[in-house]
Amino acid sequence: MPAITLPDGTVKSFDDAVSAFDVAMSIGERLAKACVGCEIDGELRDLSTVIDHDCSLSLVTEKNRDKTDNPQALEMLRHSTAHVMAEAIQRVVPGAMLVYGPPLESGFYYDIKFPEDRPLKEGDFEAIEQEMGAIVKEDRAFTRYDMSISDGMEKLKAEGSKYKVDNGEAAVRAGSESLSFYATGEPGKDWEDLCRGPHIPSTGRIGGFKVMSLASSYWHGDENSDSLTRVYGTSFFSKKDLNAHLERLEEAKKRDHRVLGKKLKLFHIDETVGQGLILWTPNGSVVRKELQNFIAAELTKQGYHEVFTPHIGKLDLYRTSGHFPYYADSQFPPLVERDHLVELSNEGCTCAQLSNNMSTGEIEGFMLKPMNCPHHIKVFDSQPHSYKDLPVRLAEFGTVYRWEQSGELNGMTRVRGFTQDDAHLFCTPEQINDEVQGCLSLVKTIFDVLGMEDYRVRVGLRDPDSAKYTGDPANWDKAEKACLDAAATLGVPFSQEPGEAAFYGPKIDFVVKDVIGREWQLGTVQVDYNLPERFDLSYVGADNEKHRPVMIHRAPFGSMERFIGVLIEHFAGAFPVWLAPEQVRVLPISEKSNDYAQEVLEQLKARGIRATCDMADQRVQAKIKNGSEMKIPYLVVVGPRDAENRAVSVRAFGVAKDLGSMPLDEFVAAVAEEYSLKGASTVKERFETVTA
RNA sequence: GCCGCUGUAGCUCAGUGGUAGAGCGCACCCUUGGUAAGGGUGAGGUCGAGAGUUCAACUCUCUCUAGCGGCUCCA
């Protein structure tokens with residue numbers, strides 16, 4: 001006699017065991033038809049699940065009441081579509097062995113081992129989609145059946161796929177008491193797969209689907225293990241939703257910083273210079289310079305001192321810091337004096353010996369700096385410090401070089417040479433909390449000014465099982481506590497992630513997503529007891545004894561490259577006035593107005609405004625189109641009428657209609673004000689005041 | 001680094017085993033036009049690089065290189 005509690009608190013009692021579908025039917029047929037699954041005591045299950053005990057039940061419908069997407073329903077749908085795709089792929093490519101096919105936030109994938117002589121190609125997608133279409137049309141029910149562990153494992157072994165056997169073993173390790181299989185249709189007759197479920201009722205519920213892309217992956221995510229092919233797809237309950245999704249992807253592409261970087265002439269990457277090396281073109285340089293000036297002003301307010309240090313340092317420096325040779329793989333090769341190299345070569349020294357001798361310190365050389373901290377430590381250590389001096393805050397826009405794997409490089413967001421808005425704070429243990437909080441508030445200030453609200457905060461802690469973290473565990477505990485305490489004061493949710501710490505200390509990272517949903521770490525604050533130890537740093541305390549300072553590494557933007565890459569996407573290239581490479585463009589109606597246009601231009605420039613004038617032999621409509629495509633904040637049209645009134649006709653980016661006419665002096669003053677405020681659009685506001 | 005895809009004019013992209021085309025941009029001419037493309041003419045390409053197959057390769061094969069999507073990595 002199960003008593004079933006529904007989300008609204010209603011309790012429904014049944015004489016016998018019932019399926020969740022029956023419960024839905026008892027409420028209403030329309031509801032039952034809209035259901036794809038259910039949640040029993042908080043666990044997502046099939047709609048056909050039989051309930052024979054008291055429980056709470058929540059029905060999962062295709063859409064929420066307000067017609068928005070229901071993530072749980074989509075998860076089930078996509079998991080089910082993964083099965084359909086897998087069946088289709090096995091029809092198209094016999095011998096393809098299934099590994100693992102989970103749902104994702106915006107679709108699903110299936111990892112598959114293809115026969116060596118028959119890899120999957122994008123050209124196969126059409127055939128796969130056709131087969132999928134047929135399976136959907138057949139509207140076969142997803143049918144679950146359970147087997148005992150021993151029977152199930154025997155079945156898997158008999159099927160001969162080590163991957164599925166492995167999945168079965170993993171389920172057993174995770175504590176499963178049985179193994180569940182899902183047949184797409186009738187068990188024993190139709191295609192089936194070992195799967196924990198749950199699934200939607202039948203294939204006919206898949207309204208729209210698409211095979212998206214191919215990638216490789218590794219079994220168990222281990223690069224030394226089997227290489228698998230990962231097939232990505234997505235699906236929706238309706239064709240319309242699918243199309244909307246595909247359109248969103250197209251729109252996102254237009255906001256991609258690599259696309260906009262070219263279109264708006266913000267940066268350039270040249271094969272001849274090297275991959276992952278950003279050439280800042282004049283437009284992008286304006287954005288960077290404005291941001292750097294902004295942060296430099298903030299740093300002065302917060303008591304930082306700016307320093308400059310070179311791009312290279314001796315190998316020995318990095319032996320002391322621990323960067324070399326532990327991270328040799330991700331650094332540019334060391335620079336060794338030419339004569340020395342010739343000498344070694346004459347002595348028959350091999351590359352391997354050379355490398356080895358560099359590690360052991362027998363050969364000295366220089367390294368492009370992978371981090372700024374060793375240099376800053378040496379600045380700090382260039383003179384003795386009293387506890388009264390602390391904290392010492394040293395800041396530098398420091399350029400570092402790292403040998404990132406070629407497959408990892410990505411526009412401005414993952415590069416081999418980049419400039420961190422770096423600083424290192426040397427303080428007493430008592431000062432850590434205040435200093436970390438000061439750093440965090442700086443990051444928040446920046447994010448607020450730029451209107452970046454969509455970020456998450458991650459506190460990276462050490463992984464107790466990993467050997468890569470150096471230093472005293474007691475200090476680690478202190479540092480981790482300091483980070484967690486500071487993060488708690490932020491007022492935004494944060495996650496704790498073991499294994500995400502730097503090798504020398506825990507950190508607080510600000511993570512944002514790009515237009516295609518990839519996450520990037522921007523700002524970071526890291527507490528470090530380790531490097532002061534390695535470099536034997538000290539200060540004289542009130543007790544006249546030597547004490548060890550603690551270091552805080554922090555970079556609110558992270559790197560100028562990555563930050564601006566993300567920022568381009570955040571603004572979709574339409575920068576606010578203070579950042580816009582070109583703030584105002586003057587558009588004379590015809591040659592006859594060129595003189596006045598020139599005068600307008602001079603006035604703008606005299607106020608430090610980045611303005612140009614489009615004197616091309618074109619109609620003003622064309623000039624407006626060109627100016628709009630470059631996403632210039634203000635276009636001002638000037639013709640005889642304006643010249644006579646000493647006015648300009650203003651057009652603001654993103655506003656379809658022109659704002660109207662404004663006296664020239666007033667416009668110049670308004671733009672200058674908007675520039676200095678770094679915030680709201682004062683020009684538009686003035687028009688609103690006029691019309692109000 | 002691994003798997004798949006891509007590389008043709010400054011940009012976006014068509015294209016064929018017989019040494020190339022469009023639109024935009026650029027130059028010049030006409031046009032002097034009041035809010036998202038006025039018209040004409042012209043210049044511009046070792047078809048990513050190298051090797052191979054072929055009478056003939058931008059096209060087919062291989063290697064390399066770079067970009068894209070993932071995987072792995074990210075002090």
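Since this is a predicted model, take the numbers as computed values, not measurements. Throughout, protein chains are lettered first and strands after them, A, B, ... in sequence-line order, and every chain is numbered starting at 1.
The partner of B:C2 is B:G70, by the rule that a Watson-Crick or G-U pair needs both atom distances under 3.5 Å. Across every strand in view, B:A56 sits unpaired, with no contact that passes the Watson-Crick or G-U test at under 3.5 angstrom. Of all nucleotides present, only B:U41 satisfies the Watson-Crick or G-U wobble test against B:A27, with each distance under 3.5 Å. In this structure, B:G7 forms a base pair with B:U65, meeting either the Watson-Crick or the G-U wobble geometry with both donor-acceptor distances under 3.5 Å. The partner of B:A22 is B:U12, judged by Watson-Crick or G-U wobble contacts that both fall below 3.5 Å. Under the Watson-Crick or G-U wobble criterion, with both distances below 3.5 Å, B:U46 is left unpaired in every strand shown.
A close approach under 4.0 Å does not occur between any side-chain nitrogen or oxygen of A:Arg619 and OP1 or OP2 of B:C30. For B:U12, one of the phosphate oxygens OP1 or OP2 lies less than 4.0 angstrom from a side-chain nitrogen or oxygen of A:Lys262. For A:Asn410, no side-chain nitrogen or oxygen approaches OP1 or OP2 of B:G70 to under 4.0 Å. Not one side-chain nitrogen or oxygen of A:Ser330 sits closer than 4.0 Å to the OP1 or OP2 atom of B:C74. The phosphate of B:A66 has OP1 or OP2 within less than 4.0 Å of a side-chain N or O from A:Gln275. In this structure, A:Arg562 does not reach the B:C74 phosphate: none of its side-chain N or O atoms is under 4.0 Å from OP1 or OP2.
Contact annotation for A:Ser590: base contact, defined as any heavy-atom pair under 4.0 Å involving a base atom. Contacts of A:Arg258 with the nucleic acid, taken as non-hydrogen atoms under 4.0 Å apart, involve only primed sugar atoms and P, OP1 or OP2.
If A:Phe503 and A:Ser213 are placed on RNA chain B by their nearest nucleotide, the residue sitting closer to the 5' end is A:Ser213.
Here the side chain of A:Arg402 is nearest to one of B:G69, B:C74, B:G34, namely B:C74. Distance from the side chain of A:Ala622 is smallest for B:G38 among the nucleotides B:G38, B:A75, B:U31. Residue A:Ile589 places its side chain closer to B:G34 than to any other of B:G38, B:A75, B:G34. Closest to the side chain of A:Ser227, out of B:U35, B:C2, B:G38, is B:C2. Among the nucleotides B:A75, B:G70, B:G34, the one closest to the side chain of A:Gln526 is B:A75.
Rounded to whole Å, the P atom of B:C47 lies 12 Å from the corresponding atom of B:G10.
In this structure, A:His323 has its ring center under 6.0 Å from that of A:Phe503.
Going from atom CG of A:Leu104 over to atom C1' of B:G70 covers 11 Å, rounded to whole Å.
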